[in-house]
Every structure is written in C-alpha cells, then in structure tokens.
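Comments concern the structure below.
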Amino acid sequence: MGELLSELGLVPDLIISSTAKRAHATAKMVAEACGYGSSIRLARDFYHADPEDFIEVLQGIDDEYSSVMIVGHNPGMEELLDDLTGESAYLTTANIAHVELPIGRWSELDEEVEGKLVDLWRPKEI
C-alpha cells in the first residue's frame, strides 16, 4: 500500500497511528514503503475511537501539514469516513481511503464538514 501511495504522489506529510501494536506496525510498513521521512505520531485516543476522537486529534494538527494519514480501528474509521464524506464503506485491514476536505486549517474540521471520498484502495484489489 505504501508503494501505491508513492506511485500516486500521495506520500503523507504526517502519519498518526493508534498505539496498538498491529496498527503501529502497519503504519511503519506503509511509511517505509512510501518513503515517508518523518517519525510516526502515536495517538492513544485512536484505540476504540469514535469519529469525534479522531476529529479532536486532527483539529490539533499544525497547519504546516496538508496531507495526513491516520491509522486506526473499526468501527470508528468506517464511521469517520461516513461522517466526513457521506460515503459508507466496509474497511478491512490496510485499506486506504483518500479523502479531500474543504478546509484551510485543521482547526476548522468538525462533523459538519462535507469532504469527498476521492478513492478507496484495498490490498486484495491491487
């Protein structure tokens, strides 16, 4: 999946991962494969998170980061995708949803923001 991000020019500026071992391991593999050059930020709040928990962490991101990848768990990730885009999708392990958000600052993000699901990639379909 990391190679795909690199090929598409979608290497994130920041990766934030759950502290759970499997999620963090997945984040590290993707980071290495896509050429991500920074450290992965860990968020204890991503384990058993609901959309509001993810949004709260994202609201605190410095605006120097325009492209952010979050690595978390279901059902919260599926609910977040639905809340931010109006699109329901079944997310399995290592799926990547590319979402565009109509915001200028991370602090503007809330449940009312209407983003767009640009693409959804599943390892078994690539």
Side-chain angles (χ1 to χ4, degrees):
M1 297 308 285
E3 290 175 9
L4 174 68
L5 292 176
S6 180
E7 290 170 12
L8 295 173
L10 295 174
V11 177
D13 299 324
L14 175 64
I15 297 176
I16 306 173
S17 173
S18 164
T19 56
K21 289 180 184 180
R22 213 172 81 175
H24 189 209
T26 298
K28 287 195 280 190
M29 285 189 289
V30 170
E32 184 177 313
C34 76
Y36 176 72
S38 299
S39 60
I40 296 170
R41 189 178 298 176
L42 297 177
R44 188 174 311 275
D45 295 341
F46 280 9
Y47 198 73
H48 295 296
D50 57 29
E52 293 80 20
D53 297 320
F54 289 112
I55 289 172
E56 185 176 321
V57 170
L58 292 169
Q59 287 171 331
I61 294 174
D62 190 294
D63 292 327
E64 73 180 89
Y65 302 110
S66 61
S67 173
V68 176
M69 172 183 278
I70 58 173
V71 182
H73 311 276
N74 277 329
M77 293 291 288
E78 290 175 349
E79 293 168 358
L80 178 65
L81 180 65
D82 187 33
D83 283 359
L84 293 179
T85 67
E87 300 271 346
S88 295
Y90 179 64
L91 301 176
T92 58
T93 302
N95 290 181
I96 296 176
H98 178 194
V99 176
E100 287 182 353
L101 300 169
I103 57 174
R105 306 178 62 87
W106 287 105
S107 61
E108 298 171 358
L109 183 62
D110 62 28
E111 290 89 5
E112 303 303 315
V113 168
E114 294 182 19
K116 176 184 175 190
L117 177 60
V118 176
D119 216 330
L120 176 61
W121 300 283
R122 294 179 171 97
K124 292 179 180 180
E125 297 173 358
I126 296 175

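Everything numeric in this text was worked out from a predicted model, so none of it was measured. Only this structure's heavy atoms are used, side chains among them; waters, hydrogens and symmetry mates stay out.
Residues D82 and E87 fail the side-chain proximity criterion, which asks for heavy atoms closer than 4.5 Å.
Remark: D63 pairs with R105 by the salt bridge (charged side-chain N to carboxylate O under 4.0 Å, His left out) rule, at least two apart or across chains.
Both L8 and V71 are assigned to one and the same hydrophobic cluster, defined by single-linkage of ILVMFWY side chains at heavy-atom distances under 4.5 Å. M69 and I126 fall within the same hydrophobic cluster, where Ile, Leu, Val, Met, Phe, Trp and Tyr residues are linked whenever their side-chain heavy atoms come under 4.5 Å apart, directly or through other members. Criterion: ILVMFWY side-chain heavy atoms under 4.5 Å apart, direct or through other members. Under it, L81 and Y47 are not part of a common hydrophobic cluster.
The heavy-atom pair separating P12 from Y36 by the smallest distance is O-CD1, 3.3 Å. Taking both residues in full, the closest heavy atoms of G72 and M77 are given as C-CG, 3.7 Å, listed atom of the first, atom of the second, then distance. L5 approaches C34 most closely through the heavy-atom pair CB-CB, 4.1 Å. Contact between F54 and G76 at its shortest, heavy atoms only, is CE1-C, 3.7 Å. In terms of heavy-atom proximity, P51 sits nearest to L80 at CG-N, 3.7 Å.
Taken to the nearest 0.5 Å, the CD1 atom of I55 stands 11.0 Å off from the CH2 atom of W106. Note that CD1 of I103 is 9.0 Å distant from CD of Q59, once rounded to the nearest 0.5 Å. Here the CG atom belonging to D53 is positioned 9.0 Å from the CZ atom belonging to F46, to the nearest 0.5 angstrom. Atom-to-atom distance recorded for I61:CD1 and I16:CD1 is 3.5 Å, nearest 0.5 angstrom. The structure places CH2 of W121 at 6.0 Å from CG of L4, a figure rounded to the nearest 0.5 Å. Distance check: M1 CE to T93 OG1 gives 11.5 Å after rounding to the nearest 0.5 Å.
Using modelled atom types, one side-chain atom of N74 and one backbone atom of L91 make a donor-acceptor pair closer than 3.5 Å.
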Solution key, residues 108-118 side-chain donor-acceptor pairs under 3.5 Å, sequence neighbours excluded:
from : atom 1 : to   : atom 2 : distance (Å)
E108 : OE1    : G104 : N      : 2.9
D110 : OD1    : E112 : N      : 2.8
D110 : OD1    : V113 : N      : 3.2

Pairs of donor and acceptor atoms involving the side chains of residues 95-102, under 3.5 Å and at least two apart or interchain, shall be tabulated with distances.
from : atom 1 : to   : atom 2 : distance (Å)
N95  : OD1    : T92  : N      : 2.7
N95  : OD1    : T92  : OG1    : 3.2
N95  : OD1    : R122 : NE     : 3.4
N95  : ND2    : T92  : O      : 3.4
N95  : ND2    : T92  : OG1    : 2.9

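Residues D13 and S66 bring a donor and an acceptor atom of their side chains to less than 3.5 Å of each other. Between the side chains of H24 and S18, not a single donor N or O lies within less than 3.5 Å of an accepting N or O.
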